[in-house]
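Keep in mind it's a predicted model, so treat the numbers as computed, not measured. By convention in this document, chain letters (A, B, ...) are assigned in the order of the sequence lines, proteins followed by strands, and residues within each chain are numbered from 1.
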There are 2 protein chains.
Amino acid sequence: MGKGKLQAVADSLQISLSTVYAALQGRPDISSKTREEVLARARELNYRPNWLARSLVTRQTHLIGVLVPDLVSSFFTELTRGTELAAAAAGYNLLLCNSQESPESEDAKIALLVSRQVDGLIVASSHAPGTRTVTEHLQESGVPFVLVDRYFAGVNYVGLDDRKIGRIATEHLIAQGYHRIAHLRGPNVSTANGRWEGYRQALRAAGLPLHNEYVQRVDFSPESGREAALRLLKTSPAPDAIFAANDPIAIGVLQAARDLGIDVPGQLGVVGVGNFQHVADLSVPLTTIDQNKVAVGETAARLLLDLIAMRQGQPGHEAPPRTVLIEPILVVRASTQRPAAAKKAKAVGGKKK
Amino acid sequence: MGKGKLQAVADSLQISLSTVYAALQGRPDISSKTREEVLARARELNYRPNWLARSLVTRQTHLIGVLVPDLVSSFFTELTRGTELAAAAAGYNLLLCNSQESPESEDAKIALLVSRQVDGLIVASSHAPGTRTVTEHLQESGVPFVLVDRYFAGVNYVGLDDRKIGRIATEHLIAQGYHRIAHLRGPNVSTANGRWEGYRQALRAAGLPLHNEYVQRVDFSPESGREAALRLLKTSPAPDAIFAANDPIAIGVLQAARDLGIDVPGQLGVVGVGNFQHVADLSVPLTTIDQNKVAVGETAARLLLDLIAMRQGQPGHEAPPRTVLIEPILVVRASTQRPAAAKKAKAVGGKKK
DNA sequence: CTGTTAGCGCATTCAC
DNA sequence: GTGAATGCGCTAACAG
């Protein structure tokens, strides 16, 4: 004899709970008169179905858990935006967590989201590339999931082909006449690694030598990029172009160039990745690779919703893992628009100090 | 005779459900032997408490609903980040929704979040300033809430004093020797309105005239800012400074100035609001007012958590609404650093086309 | 068409 | 210490 809100409506109308329920569901087997009454009374009593109770019995929460390494990077916030868009359209809400780039925290959050009974999971993992634990944990949780951005094999994944990104960026620099191309490689995550591979592939394909000193590991931040660029640009011979693993790093490179009085793009070509907000308005408008992060988030959400629907249709019948790749797009701006005159000229070292 | 996971553990151990429960809770009246066994078995069976069921009975979800007008603006994403931080630290998770700047959508989402039984609500409202409906809806929902950013009277609020922001920005321009100061006023939300008032206050205080043509309404976007600035800079006499309601607008102003060949800060001073990412690296590093959005989000979360704790302690005893203001900070960069020579010179109109 | 009944998984009060 | 019983609010399958 629960006194749930539904019950309350029923009581005040002197009818049965299940009649109220049926009326609220709009089931056709209810006299339109009682339906009206029920609807009216429900509004009066300000009745709101309790999703907890509902979910407990239907076994679906219409919640999708989103786990990202951080919320600082505009990358993940835009991705989240895309996810929210697609999810909301399908009547799903987002349970948002961040792992602060910590694998332990990530595992904990996944466990949490699972125990909150999310219908599905979208995660950008902070685990080292190739780690099996991530996908294993996820698998055995029994909750449908898709990974985004950071690539892991054998599972549903939505992201970009980072090797391709690396190639496109590097090929562009080569086409612009730059020959001594350095790379500021990001941390040990699949995206940074892929871009680095693409960089090497492009150099090799163009018959350009690969100098190890020209590749430096940095964080995904302007500070880190600036520092590394300062070092790079003081080597001899200095690079005449830098492919930065993402836009914030590239911004650091631009800072370093300005500090050293090096002209971009005349003496130094710079390309980033991500097409972050306002990079077109930098001191030197930045050439970059657009990633369409919103599309990544949206696509991931849609794929996940498919998986969820699938599972409800025929449990046991798991579809084989899918990998969906969003196309990267080269966006050419001033930072690689070398004056025609310079294109054939031998590259110039930065003025030392 | 539920077959809940808890029950499963109990069964497999041939003991009662409530014993298992007590053991898991770490209650002292359980033999440490049975506790060990229970813990071990729970782990084996991969037991995870079901938050739905738990919440249904405890009447708390440890969920806080976050409703923002959009996820595009870095403003709200950073705010959300701060909220996530504080919430996670207290064992709360975020249910994230966006209203897409639509009041109707906002109301719907609030109802949704309430029926999802969130313990509290943080909302940046997209309702017109002064609208009573927002706070009324929220009040009668019975869920503790705090509003952020967009100001509404008589309720818990965390944000900034936007009048002060407007004053600081305008006073700075005046101090830098600019006299014909225009303002690109944002849309009809409390923040934009407040900054506009501050602007007028500062002008008045300095004895400068207020020209209506110098105030234009724009959206919070570079495109909108650029367009309006183009118009403004072609008037005669043209303004020698522009206070933009936020950084994206200011970026549009910088674009317009470049298009017209107007030197910033020599011929035109520009100040924005928000200290958005990378505005220090723009073609002209932007002077702006930092808002510490993360702190806003964090503070709001903490205030909300207090309210929640309060309510649990002594229901009925509502604390009076609090208004918490985060201090705005003027960040001076190149866009207002007028060459000393020019400071006393009469302002110069932009070269007409 | 309407009313009765039995759980969903967990928290909690009370006997044993 | 441990076990049985009750209910959170809602869904769903069934009788009347």
Side-chain angles (χ1 to χ4, degrees), chain A residues 1-39 41-42 45-63 112 114-119 142-143 312, chain B residues 1-39 41-42 45-63 112 114-119 142-143 312:
Chain A
M1 53 124 39
K3 272 289 176 198
K5 302 295 208 164
L6 252 189
Q7 188 64 265
V9 177
D11 287 355
S12 88
L13 239 47
Q14 309 265 46
I15 59 176
S16 143
L17 182 158
S18 53
T19 306
V20 174
Y21 178 62
L24 254 24
Q25 298 288 303
R27 279 204 330 229
D29 57 342
I30 295 289
S31 74
S32 57
K33 175 163 156 287
T34 35
R35 170 160 38 248
E36 297 305 326
E37 293 178 356
V38 168
L39 257 50
R41 184 55 58 89
L45 297 186
N46 199 22
Y47 168 74
R48 302 251 173 253
N50 182 327
W51 268 89
L52 292 179
R54 170 177 294 179
S55 297
L56 187 57
V57 42
T58 60
R59 291 160 176 300
Q60 39 177 334
T61 50
H62 275 216
L63 243 34
L112 177 66
V114 170
S115 74
R116 279 202 186 274
Q117 314 298 117
V118 295
D119 288 349
V143 176
Q312 278 159 5
Chain B
M1 57 126 33
K3 270 292 173 195
K5 301 296 209 163
L6 252 189
Q7 186 65 264
V9 176
D11 288 355
S12 87
L13 240 48
Q14 309 265 47
I15 59 175
S16 144
L17 184 157
S18 53
T19 307
V20 173
Y21 178 64
L24 253 25
Q25 297 288 304
R27 280 208 325 235
D29 57 342
I30 294 291
S31 72
S32 56
K33 174 160 155 289
T34 37
R35 172 165 31 250
E36 297 305 326
E37 291 179 357
V38 168
L39 257 49
R41 184 55 59 88
L45 296 187
N46 199 22
Y47 167 75
R48 302 249 172 255
N50 182 330
W51 267 89
L52 292 179
R54 170 177 294 180
S55 297
L56 188 57
V57 44
T58 59
R59 289 162 181 300
Q60 40 177 332
T61 52
H62 275 215
L63 242 35
L112 177 66
V114 170
S115 75
R116 280 202 186 274
Q117 314 297 119
V118 294
D119 288 349
V143 176
Q312 279 160 5

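At a threshold of 4.0 angstrom between heavy atoms, the contacts of A/Ser55 with the nucleic acid are absent. Within 4.0 Å (heavy atoms only), A/Ser18 reaches at least one base atom of the nucleic acid. Residue contacts for A/Ile15: at a heavy-atom cut-off of 4.0 Å it reaches the sugar-phosphate backbone alone, with no base atom in range. Using a 4.0 Å heavy-atom cutoff across all strands shown, A/Asn50 reaches sugar-phosphate atoms only and no base atom. Using a 4.0 Å heavy-atom criterion, one finds that A/Arg35 contacts no nucleic acid atom at all.
No donor-acceptor pair closer than 3.5 Å links the side chain of B/Arg54 to the backbone N or O of B/Pro49. Within the 3.5 Å criterion, the main-chain N or O of A/Arg27 finds a donor-acceptor partner in the side chain of A/Arg35.
Just one residue in the list B/Leu52, B/Leu112, B/Val118, B/Val114 forms a side-chain contact (heavy atoms from CB on, under 4.5 Å) with A/Trp51, and that residue is B/Leu112.
Following rounding to the nearest Å, A/Gln7 (CD) and D/dC10 (P) show an atom-to-atom distance of 10 Å. Remark: C1' of D/dG7 and CG of A/Leu52 are 15 Å apart, rounded to the nearest angstrom. Atom P of nucleotide C/dG9 and atom CD of A/Gln117 are separated by 9 Å, given to the nearest angstrom. The CD atom of A/Gln60 sits 14 Å away from the C1' atom of D/dC10 (whole-angstrom rounding). In this entry the distance linking CD of A/Gln25 with C1' of D/dT11 reads 8 Å, nearest Å. A straight line from CG of B/Leu17 to P of C/dT13 spans 15 Å, rounded to a whole angstrom. As a whole-Å value, the separation of A/Gln14 CD from C/dT2 P is 15 Å. Put simply, CG on B/Leu6 is 15 Å from C1' on D/dA4, counting in whole angstrom units.
Closest to the side chain of B/Thr34, out of D/dG9, C/dC10, D/dT2, is D/dT2. For B/Asp29, counting side-chain heavy atoms from C-beta on, the closest listed nucleotide (D/dG1, D/dC8, D/dC10) is D/dG1. Side chain of B/Ala53, nearest nucleotide from C/dT2, D/dT11, C/dG9: C/dG9. Comparing C/dA11, C/dG3, C/dT2 by their nearest atom to the side chain of A/Ser16 picks out C/dG3.
The distance from the OG atom of A/Ser55 to the CG atom of B/Asn50 is 9.5 Å, given to the nearest 0.5 Å.
Under 4.0 angstrom from either OP1 or OP2 of D/dG9 there lies at least one side-chain N or O belonging to B/Arg59. Close to D/dG3, at under 4.0 Å from its OP1 or OP2, lies a side-chain N or O of B/Thr19. A sub-4.0 Å separation between OP1 or OP2 of C/dC10 and a side-chain N or O of B/Tyr21 is absent. Dashed line: the shortest gap from a side-chain N or O of A/Ser31 to OP1 or OP2 of C/dT2 is under 4.0 Å.
Residues A/Thr61 and B/Arg116 share a closest heavy-atom pair of O-NH1, 2.8 Å. Contact between B/Ala42 and B/Leu24 at its shortest, heavy atoms only, is CB-CD1, 4.4 Å.
For the pair B/Arg27 and B/Leu56, both in contact range of DNA chain D, the more 5′-proximal nearest nucleotide belongs to B/Arg27.
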